[in-house]
Amino acid sequence: MGPSTTDPATDLAHGAAPLHLPAPRLQELMDELRRAGYACVGPTLRDGAIVYQRLPSAADLPQGISDDQAPGSYRICHTGSARRFAWANGPQALKPLLFAPRETLWRASPQPDASLAFDAAIPDGEALAVIGVRSCDLAALALQDRHFLGGSYPDPYYASRREKLFIVAVHCSHPAPTCFCASTGDGPRATSGFDIALAELDGGFIAEAGAPRGEQILAALGLAPASAGQLAQGEAQLHHAAAVQHRALPGRNLQAALFANLEHPRWSDVAQRCLSCGNCTSVCPTCFCHSEAEIPQLDGAHSEHVREWDSCFTQSHSFIHGLTIRPDTRTRYRQWLTHKLGTWHEQYGRSGCVGCGRCISWCPVGIDITEEAAAICGPGD
Ligand code: SF4
Ligand code: SF4
């Protein structure tokens, strides 16, 4: 089925000719990435969740493992399936691989002439190939690129990691009930921002290159073209993955509706449930708030300037010139939602939500951003 006759959000026959990678040859793809200079990172089971970490071999992928997700709940389950990517995203996105949860930005040290020297601590990390990236996280990556690399002052810490990142996307075939990427236009098909995209089938993968370096890796594997039947199966999976999503935001641009409802009683209602814990902002792949601090060393002469993730739900995050401007949970939750779904449009030309659903699953009290947005803005179309 060609691009002109199918839904561009889910159509698999897009771009370079799709190839077939038999499942036993997945290790060869990893070997080829290593030969090209990349260390492989991929989904693995750790502490009861699927998270990205170093991937020694394809055998370490979560084969036969899936997840049950609901508001405030994430559980791993064992399915016995031969598939390795039959799960929805865990708590972690690409964010911590590029925007470090805590890092030293520079070190200050005294000089013989009594001045201070400041040495930037730009990381010189290794090149990483991340395997298994989902479309929602590619959309989030594009937003974080815009935030950290756009404008007059690109962030050199983020940039040094970003330029060494190779992405092997895997189209999502198993969204969780908390996912709503189809409603935000960010999935389940990975449409751009990858070097290679895979669609997992029983017994193998449809492999497509999205960039010249992805093409080189696939060419080295000498793969046969994917058959019409394999393409049809991959496409059917994508349509199913979009169709089973029952959550949705009430619209893609809620800025006007949110700002017309700044005194809506629902803000107080959600504040009764919200713990102001900041879990939602930690797991959100687009949130970028951080704090910075000068950490003196024990010698009393040197110091390190450290940046770490912060959240608009903490009291200190809205402390400005002697006063906390968002003193309660009501105003903090309102800040999060009106920024994420509202003023992001002014800053970045789109909503800050890519529909990954993480903030729903990982909220300890199960607050659902789609429900809150609908309660405040109306149900939408
Ligand atoms: S707001 Fe929630 S659903 Fe939207 S991108 Fe962030 S974590 Fe995902
Ligand atoms: S919405 Fe949920 S995850 Fe976010 S701060 Fe409130 S209780 Fe924590």
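Counting starts at 1 for both ligands and their atoms, following the listed order. Everything quoted here is computed from the prediction, not taken from an experiment.
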Student: What protein atoms of element N, O or S are positioned under 2.8 Å from atom 8 (Fe) of ligand 1?
Tutor: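 Atoms qualifying: C356 SG.
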
Student: Sorted by chain and residue number, which protein N/O/S atoms are under 2.8 Å from atom 6 (Fe) of ligand 2?
Tutor: C274 SG

Student: Got a sec: does the CZ of R213 have more than 12 other heavy atoms crowding it under 6.0 Å?
Tutor: yes

Student: Would a distance-only check, ignoring hydrogens and angles, find a side-chain to backbone donor-acceptor pair under 3.5 Å from S276 to F313?
Tutor: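 Between the backbone of F313 and the side chain of S276 there is a qualifying donor-acceptor contact (under 3.5 Å).
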
Student: Quick one: closest heavy-atom pair of C353 and L341, and the distance?
Tutor: CB-CD2, 3.6 Å

Student: With heavy atoms of F180 as the reference, note each atom of ligand 1 found under 4.0 Å away.
Tutor: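 Answer for ligand 1: 3 (S).
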
Student: Quick one: does W336's side chain get under 4.5 Å of I369's, heavy atoms only?
Tutor: yes

Student: Distance alone, cut at 3.5 Å: any donor-acceptor contact between the side chains of R83 and Q63?
Tutor: no

Student: Taking H302's backbone N and O only, do any of them form a donor-acceptor pair with D299's side chain (distance below 3.5 Å, no angle check)?
Tutor: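 Side chain of D299 to backbone of H302: a pair is present.
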
Student: Could you please spell out the steps behind the side-chain contact (heavy atoms from CB on, under 4.5 Å) verdict for F99 and Q144?
Tutor: CA-CA 9 Å; F99 170 35; Q144 291 233 313; 4.2 Å; yes

Student: Using the ring of W106 (Phe, Tyr or Trp, six-membered ring only), decide whether R307 places NZ or CZ under 6.0 Å from its centre and within 45 degrees of its axis.
Tutor: no

Student: Do the charged groups of R35 and E28 touch, with an N to O distance under 4.0 Å?
Tutor: no

Student: Closest approach of N89 and Y74, non-hydrogen atoms and distance?
Tutor: O-CE1, 4.2 Å

